[in-house]
Amino acid sequence: MHHFILKRLLYSIPLLLGITFLTFLFIQIAPGDFLDNLRLNPQVSKETISLYEQKFHLDKPFLIQYATWIKNLVRGELGYSFSYKAPVARVISSRALNTLILSISSLIFTWIFVIPLGVTAALKRNKFTDKLLSFLSYIGMSTPAFFLTFLLLYGATFTRLLPLSGMHSVHFEEFTFLGKIFDLIRHLIIPTLVLSLGSICVLQRIMRANLLEALGSQYILGAKARGLSNARILYVHALKNAINPIITIFGYQFSELLSGAALVEIIIGWPGLGQVTLEAVRSQDLYLVMGSVLMGSILLIMGNLLSDCLLAAVDPRIRYEK
Amino acid sequence: MNILTTHNLKVYFSQHRRLVKALDGVDIFLREGLTTALAGESGCGKTTLARTILGFNSPREGNVYFRNTDISLKKNEALIRKNIQIVFQNPFLSLDPRFTIFSTLYEAFHVFHDAKKREAQSVLGQILEEVELKASCLSRFPHQLSGGELQRICIARALINRPSLIILDEPTSSLDVTTASKIIRLLAKLQAAHGITYLFISHNLKILKKISQVCFIMYAGKIVEYGPKELLYHNPLHPYTRLLFEAANHTLKFMPQEQVSPGACAFFPYCKSASDTCKDSPQKKEVEPRHFVYCHNFSR
C-alpha cells in the first residue's frame with residue numbers, strides 16, 4: 001500500500017510540471033502584464049518600473065522565468081502577489097482551506113444522500129418511488145447551478161433564515177467556539193446545496209444502476225439459494241460490489257467540485273481559491289495565478305489519490321496485484 | 001423412491017408484451033441417490049426449471065413436491081434452503097469477489113450452524129479436503145484461484161450443509177475438457193460417499209452419458225422424451241432427440257423457436273417426419289419399458 005501511494009505521488013510530479021508550464025505559457029501569451037497599470041500611471045517613473053521588472057524577473061525570457069519559478073518553488077517560495085502586496089503563500093493558504101471546507105461539506109452532503117436514494121430506487125425498481133426519484137433527478141440535473149444559487153438566495157432574502165453571502169457573520173470574532181461552528185454551518189448551507197444537488201441527482205441514478213447490476217449477478221442468486229437473509233444479501237454482498245464504480249467517480253467528482261466551487265464562490269462571495277484565481281487572472285497577477293492553479297491541481301491529485309486508496313481498500317482484486 | 005417430482009409445471013414470462021411459455025406442463029421425477037440428466041438446447045427452459053425448483057420463479061400452474069411436501073408454496077421455502085443447493089455454470093461469477101474463500105464457506109455454513117469462526121475452521125478444512133483442495137485456499141480471494149479450483153469451492157459450498165439434492169446447472173461448461181472430467185469424477189465420488197441426488201443440467205450429451213442414470217430431453221418448455229440412460233442413448237425415439245445426438249457429433253446449431261399454433265407439437269416446424277396429426281398435442285407413450293416419448297409417430 002505504501003508502495004502504491006509513493007508511486008502515485010511520484011507520478012503526479014510530471015503532471016504538476018505540465019499543468020504549471022501550460023498555465024505559465026498561457027498567461028505569457030496574453031498581451032500585457034501586471035505592471036501595465038503602473039506604466040500607465042504618469043507618477044511612476046521608468047526607473048521604478050524597471051526595478052520591479054528586475055525584481056520579479058519580468059525582463060527575462062519566458063523559459064528562464066519559468067525555471068526561476070520552479071527553483072523558488074522547490075525552496076518553498078511561491079512568489080509575491082502584485083495586487084495583494086503580500087507573499088502568494090499567505091494569500092492562498094487560507095483561501096485553499098476555505099475551498100476545502102466547502103468541497104468536503106458538499107462531498108459529505110452528496111454521499112449522505114446518494115447511497116440511500118440509489119438503494120431505495122433500485123429496490124423499488126419501476127415502482128412509483130423509483131419513477132418519482134427519476135423525475136426529480138432529471139429536474140435537478142437540468143437546473144443550472146447559478147440559477148439554483150439565485151433561487152436559493154431569493155428564498156433566503158424572504159425568509160431571512162440564512163445569510164446571503166460570505167463565510168462568516170460580521171460578529172464572528174465575538175462568538176464562542178460552538179457559535180463559530182454554527183455560524184460557519186449556516187453560511188455553508190446554500191453553497192453546499194448548490195454544489196451537491198447536481199451530483200446527487202446523477203450519482204443516485206448511477207448507484208441505482210450499479211446496485212441493480214450487482215443484484216442480478218449469479219452470486220446473489222446463489223446467496224438466496226443458500227438461504228441468506230435479504231439484509232445480508234443487500235448490504236454485505238450487493239452494496240459492497242455496487243460501490244466500486246461510485247468510488248472511481250468520487251475521484252472525478254473532486255475535480256468537478258473544485259471548478260463548480262469557483263462559480264459558487266464568485267456568486268456567493270465565498271473567500272475561496274476560485275474567487276482568488278479569477279481575480280488573479282483578470283489582473284494578470286502572474287505568481288498568484290501560478291500559486292492558485294498549483295494549489296487547485298494538488299487538491300485534485302490528492303482527491304484522486306484518496307479515491308484510489310479507497311478503491312484498493314475495498315476491492316481485493318486491486319489490493320493484491322497478481 | 002422419488003426425492004423430487006414436478007406436476008404439470010407451467011411458468012410463463014411476458015416479454016415485449018408476448019407470452020413466453022418457459023415451462024409448459026413439465027413433469028419430471030428425480031430418483032433418490034441417482035443422477036438425473038436434463039438436456040436440451042439453450043433457451044428450452046432447463047435453467048427456468050432449476051430456478052422454479054429453488055423457488056425463484058413462482059409457477060402459474062402445477063406443483064413441485066419434495067418428499068411429498070409441496071415446496072412451490074412460499075411457507076415451505078425453508079425446506080428448499082435446507083435440502084436443495086445449486087452449482088452454477090460459471091464459477092467466476094458465482095463467488096463474491098470481495099470475500100475470501102474462508103468467508104464464503106463460513107457464511108454458507110453459518111446459515112444453519114451457529115458456530116464461531118474458530119469452531120468452523122475444522123469443518124471448512126474437512127470440506128475442502130473432500131473436494132480435493134488444500135486448506136491453504138481458505139485465505140485466498142476468488143481472483144487468485146483457477147476456474148477448476150473455483151468450481152470445487154462452489155461444490156464445497158453447496159455441500160457444506162449436507163443437502164439431499166444438488167442442482168448442477170451446466171457445472172462443467174465453462175471449464176476445459178480435462179478439468180471438466182476431473183470435476184465429473186469428483187461429483188461421482190461425492191455422490192457415492194454421501195448418497196446425494198443430482199439434477200445435472202447440460203447440453204453436453206457425452207458428459208451426461210458418463211454421469212447420469214435417468215435422462216430427460218426438453219424442447220421449448222416441454223419434456224419430449226425420457227427414460228433410463230441406456231435405453232435412451234441406445235434407442236433415441238423423438239425426432240428432436242435424434243437431432244440432438246446427430247448434432248452432438250458435429251456442432252449443434254441453435255434453431256429459432258418459431259411460434260407454433262397452440263396445442264401443436266413444438267418441434268413440428270423442424271421435424272422431418274411430421275404429418276398433419278402433429279398439429280395436435282402429442283400424448284405420452286411408453287415405447288419400451290420405462291422409456292417414454294411425447295410424439296405422434298409412436299402413438300399411431
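Side-chain atoms are counted along with the backbone in the values below, which use heavy atoms only and exclude waters and symmetry mates. Not measured: the values here are computed from a predicted model. Chain identifiers are assigned alphabetically (A, B, ...) following the order of the sequence lines, protein sequences preceding nucleic acid strands; residue numbering begins at 1 within each chain.
Both tests do not hold together for Lys240(A) against Tyr235(A): distance to the six-membered ring centre under 6.0 Å, angle to the ring axis within 45°.
In summary, the aromatic rings of Phe92(B) and His143(B) are positioned with their centroids too far apart to meet the 6.0 Å limit.
For a residue to count as touching a neighbouring chain, one of its non-hydrogen atoms must lie under 4.5 Å from one of that chain's; by this rule Ile167(B) does not touch chain A. Only the backbone of Leu95(B) comes within contact range of chain A, with at least one heavy atom under 4.5 Å from a heavy atom of that chain. Residue contact with chain B, scored on non-hydrogen atoms closer than 4.5 Å, involves the backbone and the side chain of Leu221(A) alike. With a 4.5 Å cut-off on non-hydrogen atoms, Asn161(B) does not touch chain A at all.
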* Take Arg232(A) and Glu107(B), measure what salt bridge (charged side-chain N to carboxylate O under 4.0 Å, His left out) needs, and give me the verdict at the end. => CA-CA 10 Å; Arg232(A) 190 170 169 87; Glu107(B) 187 187 47; 2.5 Å; yes

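The aromatic rings of Phe29(B) and Phe216(B) stand perpendicular to each other, their planes meeting at an angle above 60°, with 30° marking the opposite boundary.
The residue among Gln85(B), His110(B), Arg51(B) with the most heavy atom pairs within less than 4.5 Å of chain A is Gln85(B). Counting heavy-atom pairs closer than 4.5 Å to chain B, the top-ranked of the candidates Ser229(A), Ala225(A), Gly227(A) is Ala225(A).
Using a cutoff of 4.0 Å between basic side-chain nitrogens and carboxylate oxygens, Asp315(A) and Arg317(A) are scored as salt-bridged.
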